[in-house]
Amino acid sequence: MQKYKTYLAGYLFLLPWLIGFLCLTLSPIGASFYLSFTNYDLLTTPKWVGLDNFRSMFTDDYRMIDSIKVTLQYVFLSVPFRLAFALGLAVLLNQGMKFLGFYRTIYYIPSLLGGSVAISVLWKQVFDQNGIFNDGLALLGIQGHNWIADPRFAIYSLIGLSVWQFGSVMIIFLAGLKQVPGELYEAATVDGAGAVRRFWRITMPLLTPVIFFNLTITLIQSFQTFTKAFIISKGTGGPINSTLLYSLYLYIKGFTFMEMGYASAMAWLLLVIIAIFTGLLFFSSRYWVYYSDGRD
Amino acid sequence: MIKTKSAAVSMLTLAILLSACGNNNNNSNAGASSPAAPASSQAAASPSAASGEKVELRMAWWGSDERHEKTQKAIELFESKNPGVTITPEYSGFDGYMDKLNTQIAAGNAPDLIQMGGNIKEYVDKNALLDLTPYVGSTIKLDDFNQGLVQSATFDGKLYGVTLGVNSTSLMYNKALFDKAGVPVPGKDWTYDDLKNVAIQMSEKLGKGNYALYDLSSDSGAFASYLGAYGKKLYDTDGERHFEKEDAVNWFKYWADLRAAGAVVPADVQVANPPTAADTTLVVKGQVAIQAGSASQLAGWQQLTQDTLGLLMFPSGPAGSGMVPPLSGQYITAYADTKHPEVVAKFIDFMVNDPEAGVILGNSRGVPPAGKIRDALAAQATPVDQAMYDYISLVADTAPPVNYVQFPVDNELLALMKLTTEKIGFNAKSVDAAVDEFMTEVDKLIAKSKAQ
């Protein structure tokens, strides 16, 4: 009986979280799974259509192809650049410099702000025809361009914005770098290894678990990017679908075109896509991630 | 044993939690005022309002700052005349307005009063709007109204919306640019060839960075008018399209030629400065002479510039004018599940019939539908107001007596036209290839609308 009470107390304490999880996470997930097999226009009762939504996604939706192309381009460019940028800065900040805390904060700020609407609006101004970026190019004698309004370049301004939000990745890299034992570097120095060799032979191998973690998290986040594309393209994904990231297209389908069943199906397809890429990462990790505690 | 017990406890907790997820709102609503049936609830709702009980309503509309200010003033006036009633405004620009509304309706918490556009039928079909017929005559007085305006919001003999203003599509122009180029503003009898000549001539004289025309090829209203001028129709009551690929090719080709001649705004500039909002359009900034717009925007936009703005009809073609007779620009409608239909009806009547409210609201949604309000406004009309009145009467006199039917999934048609224009404008596709895709997708949209 005592045991029983203990359990009850435990669940009572968990209650706020459990309510949140069930009402705000689990039941919407269940609902979206059901809706993905229906034709649902938000206003009338969903109609069961079986696998029709999934079928037309692959056969009958030209925007879908554009959207997947753009999303893959975005993910495969923004993730490596963001990680490389973050790692580079983390290594620089790890040189035992003064005011480390200060710099760490400064470089973290874009990440705090980066997801916000305000920054996307700012970004739009910066890369506009009369924006600061073109002013800078003009100083170098280069003719500027309407970067976000041209389908050839629009996605790169989004990628740039994503790379700029390197802060949280950098903080985790910094923590990882602090874990590398100093005596390894000392020993290597004594043996005559230079800075570059020390980085590739000591830092990188010992950092692989952190790289793996950052890579996985950033990859998943990138697939789900929405705000930037929504604000910068005014919710259209244009010009010519060049910024139609998957989540944005999902939103347009659901809320603008009122095909919530289709949008739900898209959400589940995105889950599958992300699961495949994450699975590949985990599979590959056994070949390149080194755990110094003996697991490999 | 302990395992089974703990499992039982967790099941119990889950059961409690899941029931906590249930929608409590419905229960409390049913208890407090009345169940869903609107007819029976009228009696219950009206005395509660009269007895000074607090009535809280929400009202959603889109528009420019001018409309926001005027509408808020009218709401304040209504609140002071009806103590206990508060109306919370939810206003925005048109971008995203329908998205937000769709979400609110789906979630069951849409505003009590909703401004609707030409797509009112979609929402009537989906039972999202309140049938106002029971209030007509008693609360909402429409005797003074043009029957056509009442009919346009009547479906299956039931009235779902009240017109807020008569409006028309138009070409809005900035006169300063015509003066600068030394080209006279065209009259009412002009053709698409005239438009082309004027545009090319002006662009040559205006020089770099200034343009005669926005690219109107993505504007569904402009396209519909063009089709009308060439004896075709975008869409009709039979639910089919009434134009061929050739017509669409001619339309997009017309604009591609103008673009090549440097007479229209280049694609990237148009994407960055869309003509849809007062704060982004280059017509207000004095860099582009002509764009498409609705006539009721004139007064609001005129406030933002020293240049004189004016209105022109779309050009005519071999079949005459493709203009559509002036229509109801916007309706005020009520949410089907509003808790205070009686107060809502009272406010609807107030917006269109109260003389004070009429003066406050002015022409911000087009020419008011009630004759007495129109007379009151005409007596104090500014030159801008007068320009709009003249334009609306001109369209009324010119337009052939066609029965205009809005394309059913208008949102998607707009997105599709924009995409087609961009494909051609950024040289990603030839006119012919882009129009092929356009026609395929238009037919899919028509099939979709039939399936609904």
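Note that the coordinates shown come from a computational prediction; the quantities given were computed from them, not determined experimentally. Naming convention: chains lettered A, B, ... in sequence-line order (proteins, then strands); numbering from 1 in each chain.
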Please check if atom [atom1] in [X] has more than 12 non-hydrogen atoms from other residues, nucleotides or ligands closer than 6.0 Å.
X        : atom1 : result
A:Phe153 : CZ    : yes
B:Phe155 : CZ    : yes
B:Lys285 : NZ    : yes
A:Phe85  : CZ    : no
A:Leu72  : CG    : yes
B:Lys121 : NZ    : no

If I measure from the heavy atoms of chain B, does [X] come under 4.5 Å with its side chain, its backbone, both, or neither?
X        : value
A:Thr236 : side chain
A:Asn39  : neither
A:Lys124 : neither
A:Arg63  : side chain

So which heavy atom on B:Asp268 is nearest to which on A:Ala149, and how close? O-CB, 3.1 Å
Given that the side chain runs from C-beta out, which part of [X] has a heavy atom under 4.5 Å from chain A: side chain, backbone, both or neither?
X        : value
B:Asp99  : both
B:Lys100 : neither
B:Glu441 : side chain
B:Ile424 : neither
B:Ala428 : side chain

Can you measure from CG (B:Asn102) to CG (A:Asp41) and round to the nearest 0.5 angstrom? 9.0 Å
Reported CG-to-OG1 distance for the pair A:Leu42 and B:Thr103, which is rounded to 0.5 angstrom: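 Atom-to-atom, A:Leu42:CG and B:Thr103:OG1 are 6.5 Å apart.
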Heavy-atom pairs under 4.5 Å with chain A - which of B:Met98, B:Lys444, B:Lys418, B:Lys423 has more of them than the others?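 Highest number of heavy-atom pairs under 4.5 Å: B:Lys444.
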Less than 4.5 Å apart, side chain to side chain, heavy atoms only: is that true for B:Glu422 and A:Pro151? no
Side chains of A:Met258 and B:Asn411: closer than 4.5 Å at any heavy-atom pair? no
Exercise answer: donor-acceptor pairs, residues 259-266 of chain A side-chain atoms, under 3.5 Å, sequence neighbours excluded:
| unit_1 | atom_1 | unit_2 | atom_2 | d |
| --- | --- | --- | --- | --- |
| A:Glu259 | OE1 | A:Lys253 | NZ | 3.3 |
| A:Glu259 | OE2 | A:Lys253 | NZ | 3.4 |
| A:Glu259 | OE2 | B:Lys448 | NZ | 2.6 |
| A:Tyr262 | OH | A:Asp61 | OD2 | 2.6 |
| A:Ser264 | OG | A:Met260 | O | 2.8 |

Would A:Tyr62 and B:Leu419 count as a side-chain contact (heavy atoms from CB on, under 4.5 Å) here? Give the steps. CA-CA 12 Å; A:Tyr62 66 104; B:Leu419 183 65; 3.4 Å; yes
